[in-house]
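Numbering of residues begins at 1 and proceeds along the displayed sequence.
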Amino acid sequence: MASSRTSPALTPFVRQYTALLTTHKRDGTGVGTPVNIAVEGDHAYFRTPGSTWKVKRIRGNPEVELAPSTVRGAPTGPQIHARARLLDRGSPEDRHASKLLRHKYPLTQGVLVPLAHKLMRTSTLHYEVRPVAQEPPAGKWAEPGGR
């Protein structure tokens, strides 16, 4: 079970309304999409329709970046490197993610998004996002004191 303490990397997202989720195409090009996220301890959750391109990109490369952003997707803070994991549909974890999102965004994620997914006739997928430490590039050593 995850600790109730929020990961320092996710602290900026606890009260943030929107985060810019950047997924990557096969050629490495990043594609940003604004999403609502709910933070819990050392991970966060977001939902998306199953028919979106980001689902295909995450399936091909689960490495993503998250940055605080405006509703339109303009970054408002530094990004973090993370790994996305699709939750099994109907699992207790999937239902928990849905509950957290509905609690944080009652109108948007509790009414509007589920209705839109139903009208689109697509499944709703939930993802867990966990920050990962970025390793320095090969051949480079981090200097003490962060210089």
Side-chain angles (χ1 to χ4, degrees), residues 1-138 142 146:
M1 184 164 180
S3 165
S4 62
R5 294 186 71 178
T6 301
S7 162
L10 291 174
T11 300
F13 300 97
V14 171
R15 295 184 190 267
Q16 184 70 30
Y17 186 78
T18 310
L20 182 65
L21 175 75
T22 302
T23 55
H24 301 279
K25 296 180 181 180
R26 280 190 230 173
D27 67 3
T29 305
V31 179
T33 309
V35 295
N36 293 137
I37 65 168
V39 175
E40 181 181 57
D42 62 349
H43 58 277
Y45 299 109
F46 73 91
R47 72 166 41 136
T48 186
S51 58
T52 61
W53 282 98
K54 75 175 147 285
V55 169
K56 181 178 179 180
R57 289 190 298 269
I58 292 171
R59 192 179 314 127
N61 180 4
E63 304 296 317
V64 300
E65 281 78 42
L66 270 180
S69 75
T70 64
V71 175
R72 298 190 78 162
T76 60
Q79 70 180 13
I80 63 166
H81 185 70
R83 183 168 292 122
R85 177 179 66 91
L86 176 63
L87 304 179
D88 292 332
R89 289 189 61 211
S91 70
E93 191 176 21
D94 184 64
R95 290 191 302 272
H96 180 67
S98 178
K99 178 182 168 187
L100 287 176
L101 287 161
R102 281 193 322 267
H103 178 73
K104 185 173 178 184
Y105 308 96
L107 179 61
T108 308
Q109 296 292 334
V111 178
L112 300 176
V113 169
L115 179 61
H117 292 186
K118 189 171 189 169
L119 292 173
M120 292 167 57
R121 296 183 180 188
T122 186
S123 59
T124 300
L125 302 179
H126 292 96
Y127 283 87
E128 174 194 70
V129 180
R130 286 188 184 267
V132 293
Q134 286 186 293
E135 296 178 15

His126 and Arg95: side-chain contact (heavy atoms from CB on, under 4.5 Å), yes or no, with the steps?
CA-CA 9 Å; His126 292 96; Arg95 290 191 302 272; over 6 Å; no

Are any side-chain N or O atoms of Ser91 and backbone N or O atoms of Asp88, one a donor and one an acceptor, separated by less than 3.5 Å? yes

Would you find a donor on one side and an acceptor on the other, under 3.5 Å apart, between the side chain of Tyr17 and the backbone of Tyr105?
-> no

request  = Show your reasoning for whether side-chain contact (heavy atoms from CB on, under 4.5 Å) applies to Asp42 and Arg130.
outcome  = CA-CA 7 Å; Asp42 62 349; Arg130 286 188 184 267; 2.8 Å; yes

When rounded to the nearest 0.5 angstrom, what is the spacing between [atom1] in [X] and [atom2] in [Y]?
X	Y	atom1	atom2	value
Thr52	His117	OG1	NE2	8.0 Å
Lys99	Asp94	NZ	CG	14.0 Å
Thr6	His43	OG1	NE2	10.0 Å
Arg57	Glu63	CZ	CD	15.0 Å

Note: Pro75 and Leu20 closest approach over all heavy atoms is CG-CD2, 3.9 Å

Check: [Y] and [X] side chains under 4.5 Å, non-hydrogen atoms:
X	Y	result
Gln16	Val39	no
Trp53	Val31	no
Pro114	Thr124	no
Tyr45	Arg47	no
Leu66	Phe46	no
Leu107	Leu112	yes
Thr18	Asn36	yes
Thr70	Thr76	yes

Q: Tell me, with the steps shown, if Ile80 and Phe13 meet side-chain contact (heavy atoms from CB on, under 4.5 Å).
A: CA-CA 11 Å; Ile80 63 166; Phe13 300 97; 3.9 Å; yes

Which of Leu87, Val35, Ile58 passes side-chain contact (heavy atoms from CB on, under 4.5 Å) with Tyr127? Answer is Ile58

The side-chain contact (heavy atoms from CB on, under 4.5 Å) partner of Pro49 among Val55, Thr122, Leu125 is Thr122

Please step through side-chain contact (heavy atoms from CB on, under 4.5 Å) for the pair His96 and Glu40, ending with a clear verdict.
CA-CA 11 Å; His96 180 67; Glu40 181 181 57; 2.8 Å; yes

